[in-house]
Amino acid sequence: MSTRAIFQMVLWCLMIFGIFSPAHALTQEELVAKLEAAGYSQVRDIKSTAEGISVKATKDGKDISLVVDSSGQVKERK
């Protein structure tokens with residue numbers, strides 16, 4: 001069997017078993033729970049963007065815009 005065929009078979013198996021599946025992405029409920037655990041409340045306006053997941057929330061009485069990237073990192077937008 002050629003190296004290319006083996007590589008394709010391994011890649012196919014990884015996709016079948018969900019290694020590269022978006023199922024590992026946070027669900028909306030998991031995202032809200034993660035943000036609430038970090039001190040954010042009133043999580044709303046959850047939208048998918050090129051940067052990641054765009055979210056509006058409240059922290060310390062202030063409205064804040066956030067982006068959660070594909071690795072789960074939460075960044076406040078300025």
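For the atom pair CG (Asp60) and NZ (Lys62), the distance works out to 7.5 Å, reported to the nearest 0.5 Å. With values rounded to the nearest 0.5 angstrom, Gln42 atom CD is found 10.5 Å from Glu36 atom CD. The distance from atom NZ of Lys56 to atom CG of Leu35, rounded to the nearest 0.5 Å, is 14.5 Å.
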Let me have the donor-acceptor pairs involving side chains of residues 45-53, under 3.5 Å, with sequence neighbours excluded, atom names and distances please.
| unit_1 | atom_1 | unit_2 | atom_2 | d |
| --- | --- | --- | --- | --- |
| Thr49 | OG1 | Glu51 | N | 3.3 |
| Thr49 | OG1 | Gly52 | N | 3.3 |
| Thr49 | OG1 | Gly52 | O | 2.9 |
| Glu51 | OE2 | Arg77 | NH2 | 2.6 |

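The side-chain heavy atoms of Arg44 and Asp63, taken from C-beta on, include a pair separated by under 4.5 Å.
Sorted by first then second residue, the salt bridge (Lys or Arg N to Asp or Glu O under 4.0 Å) pairs that include residues 64-76, not counting sequence neighbours, are Asp69-Lys75.
Shown are Leu66, Leu31, Val67; of these, the side-chain contact (heavy atoms from CB on, under 4.5 Å) with Val74 is made only by Leu66.
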